[in-house]
Amino acid sequence: MEASPAPASRVFADIIFFRGQQGRFAIDGSGLHWKARKQDHPTSIGKSDIRSAKWVHIARAFRLELSLTVGSAAFDGFGSNDHDLIKNWLQEHCRVDMKTESVSTTGWNWGDLEVEPHAVTFSSNHRRAFELPTASISSSVISKNEVTLDFHQDEDANPEDDSLFQMRLYIPGEGGGRAQTFHDLVLEHADIHTATGDAIAVFNEVPLVVPRGRYQIEMYSTLMNLHGKTNDYKIPFKSISRLYLLPKPDKRHVAFVFSLDPPIQQGKTKYPHVIIQFPATDHIEIDINLTSEVIEERYPRLLRPTMEGPSYEIVSKVFRALTGRKITTPKTFRSAAKASAVKCSHRANEGFLYVLERSFFFIHKPALCIRFEDISGIEFSRVSSSATSSSSRTFDLTIWTRSGNKYEFTNISRSDYTPLHDFIRQKHLKVKSVQQEDSMVSTSRSDNGNDTHDPYLERVRRPEVQINDDDHSDDDDEDDEEYAAPENVEEVPEEYDEGYIPPEEEGDRTAPPKAKRPAPSAVHSTKKPHIEFDDDDDDSESDSQAG
């Protein structure tokens with residue numbers, strides 16, 4: 001019985017070709033074509049380029065694997081009824097006999113590895129168990145006999161769908177020689193960002209709070225490597241969208257943040273913001289692995305052959321020079337305690353909400369950046385002037401974005417209402433509603449007035465070292481300005497310190513009141529600033545979140 005001739009053309013829907021993307025697969029007299037749903041032009045393979053073909057049963061569907069004149073291609077998602085039609089088309093138009101291959105179904109997790117230019121194949125019991133396209137591999141990390149492979153993720157894929165993110169392979173062999181050979185072959189054929197030459201700067205034991213752990217940071221000309229105990233990341237500088245330097249209100253730590261687009265990922269958790277927290281008094285000294293001529297030509301006034309100073313300052317300078325991004329710092333906003341952030345809670349996690357010139361930034365869990373231009377409305381709630389109400393000491397702030405997201409920041413100190421409310425009004429942000437706004441503003445301003453003695457404000461109004469940005473501009477030729485941490489600041493109990501008792505509650509205690517501590521004298525930095533910082537620039541950034 002002769003096989004029926006193949007049709008002149010045929011279209012197959014929901015066929016997967018590149019990195020998990022679905023599209024339409026078509027065959028005609030000139031060859032085969034595939035077009036993704038969000039792609040303008042199809043990917044075509046001429047019939048004369050096809051050298052061999054295999055029909056493989058995978059899971060609940062079938063795959064067509066093609067060996068081409070240059071490279072290979074595989075299409076997933078065919079049904080069992082498509083076998084004869086495609087086989088006849090290949091015989092008639094390409095003079096290729098399609099073979100059927102069965103895969104291993106033993107479930108064994110040991111077998112043989114083979115690395116080819118287009119794929120990594122794992123075979124069990126002399127039959128193929130699975131295949132990994134080398135184009136889908138984003139990184140390979142070796143640790144003794146274990147090789148960890150990370151995979152590119154499809155940004156357009158449904159977030160509810162499962163996708164392969166990481167795979168660890170144990171390759172036995174004395175001294176890890178076989179594992180090293182496999183690792184080198186993967187690096188040779190995979191789509192991996194690689195660093196060339198020696199690192200320009202290396203920072204050891206850097207304390208990250210998002211993602212948590214201590215990492216070694218290697219800075220190259222186009223990318224950086226983060227090496228941790230369990231995870232490693234390669235981050236191209238072009239994916240770093242913003243840099244932030246945020247001093248903590250406790251004046252003991254400084255947070256350095258760099259935002260990523262696309263974010264790094266660990267499992268199903270994405271990290272659009274990486275947060276490094278430095279002790280304000282920590283100092284380091286590093287050598288820049290560049291000649292003086294290169295430094296003077298490419299990074300004038302930013303880098304020096306040997307750099308010494310506070311850790312947050314040196315790291316931020318190197319990031320500023322190599323990424324080409326300016327550093328955003330708090331400027332005009334000051335809370336009742338003269339800090340650039342207010343203490344609050346988000347999703348039952350305590351943190352600090354920084355009020356920047358063009359955005360709100362909450363750190364650290366989860367890290368959030370909400371651009372003013374993305375805000376559709378702001379609401380103040382639990383605003384009460386009743387002295388007997390326990391909720392009168394705090395209020396809540398709710399932010400809605402144009403994309404429909406809602407962010408709630410709770411338990412903000414009542415004394416921060418007036419500076420926060422006035423700042424939002426000055427920025428012309430839409431306040432949707434304020435519960436008992438007039439009474440709250442009147443009461444809060446009365447508390448901050450000179451005619452009312454408030455021992456609480458006397459204790460928290462310590463002078464804070466300011467970042468002088470009067471002379472800042474958007475010109476890259478301006479000298480950088482250095483954030484200076486205070487030295488020898490007297491320890492004074494703060495609202496966020498454990499065991500602190502507000503003055504208004506001291507009257508309820510039976511013990512006689514203690515003598516008041518005199519207000520500390522102002523401490524000013526004598527260090528001359530020389531690092532350039534910038535306001536939030538006008539680049540749009542959608543509100544993002546790390547899980």
Side-chain angles (χ1 to χ4, degrees), residues 139 141 143 148 150 193 195 198-237 239-248 250-260 263-266 269-290 299 302-304 306-329 351-352 354 361 363-367 369 480 482-485 531 533 546:
S139 70
V141 179
S143 176
T148 302
D150 291 324
H193 296 289
D198 297 329
I200 296 176
V202 178
F203 302 100
N204 297 311
E205 295 293 313
V206 179
L208 270 65
V209 293
V210 177
R212 182 168 295 277
R214 289 189 172 270
Y215 288 77
Q216 175 178 289
I217 301 180
E218 299 175 353
M219 308 286 289
Y220 295 86
S221 59
T222 60
L223 59 85
M224 59 183 292
N225 291 336
L226 295 181
H227 295 293
K229 292 183 178 180
T230 57
N231 296 286
D232 291 82
Y233 305 98
K234 284 184 173 64
I235 303 176
F237 288 152
S239 67
I240 298 179
S241 58
R242 294 179 184 275
L243 302 176
Y244 300 89
L245 195 61
L246 308 174
K248 289 289 189 71
D250 62 5
K251 304 179 181 66
R252 301 184 183 94
H253 299 88
V254 178
F256 177 67
V257 185
F258 55 93
S259 301
L260 301 173
I264 58 176
Q265 189 167 352
Q266 181 177 333
T269 304
K270 294 183 178 181
Y271 299 102
H273 308 285
V274 176
I275 303 178
I276 308 173
Q277 181 168 283
F278 294 103
T281 58
D282 187 28
H283 282 63
I284 60 172
E285 179 180 354
I286 65 166
D287 294 327
I288 301 299
N289 189 22
L290 293 173
Y299 315 107
L302 291 176
L303 299 181
R304 298 186 302 274
T306 299
M307 303 182 67
E308 181 181 4
S311 299
Y312 65 85
E313 178 185 312
I314 301 302
V315 172
S316 62
K317 277 186 176 182
V318 174
F319 269 80
R320 165 77 174 88
L322 298 182
T323 65
R325 300 291 184 183
K326 293 187 177 181
I327 301 174
T328 299
T329 61
F352 296 100
Y354 286 84
F361 204 115
I363 60 175
H364 70 279
K365 186 178 182 181
C369 183
D480 279 351
E482 179 180 336
Y483 169 76
I531 247 197
F533 296 107

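Residues that satisfy the ring pair (Phe, Tyr, Trp, His ring centres under 6.0 Å) test with F278, not counting sequence neighbours, are absent from this structure. With sequence neighbours left out, T323 forms a side-chain hydrogen bond (donor to acceptor under 3.5 Å, both in side chains) with no residue at all.
Centroid-to-centroid, the aromatic rings of H273 and F361 come within less than 6.0 Å. In summary, the aromatic rings of F319 and F256 are positioned with their centroids under 6.0 Å apart.
Once rounded to the nearest 0.5 Å, the distance linking CG of L243 with CZ of R320 reads 8.5 Å. Rounding to the nearest 0.5 Å gives a distance of 8.5 Å between CG of D232 and CG of D150. With values rounded to the nearest 0.5 angstrom, I314 atom CD1 is found 6.5 Å from R304 atom CZ. Distance check: D282 CG to E313 CD gives 12.5 Å after rounding to the nearest 0.5 Å.
With hydrogens and angles disregarded, no donor-acceptor distance shorter than 3.5 Å links the side chain of R242 to the backbone of T328. A donor-acceptor contact shorter than 3.5 Å is absent between the side chain of H253 and the backbone of K251. Judged by distance alone, the side chain of Y244 and the main-chain N or O of A255 form no donor-acceptor pair under 3.5 Å.
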Side chain to side chain contact (heavy atoms under 4.5 Å, CB included) between N225 and Y220, worked out: CA-CA 8 Å; N225 291 336; Y220 295 86; 3.5 Å; yes
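Summarising the geometry of L303 relative to K317, their closest heavy-atom pair is CD2-O, 4.3 Å, with the distance given to 0.1 Å.
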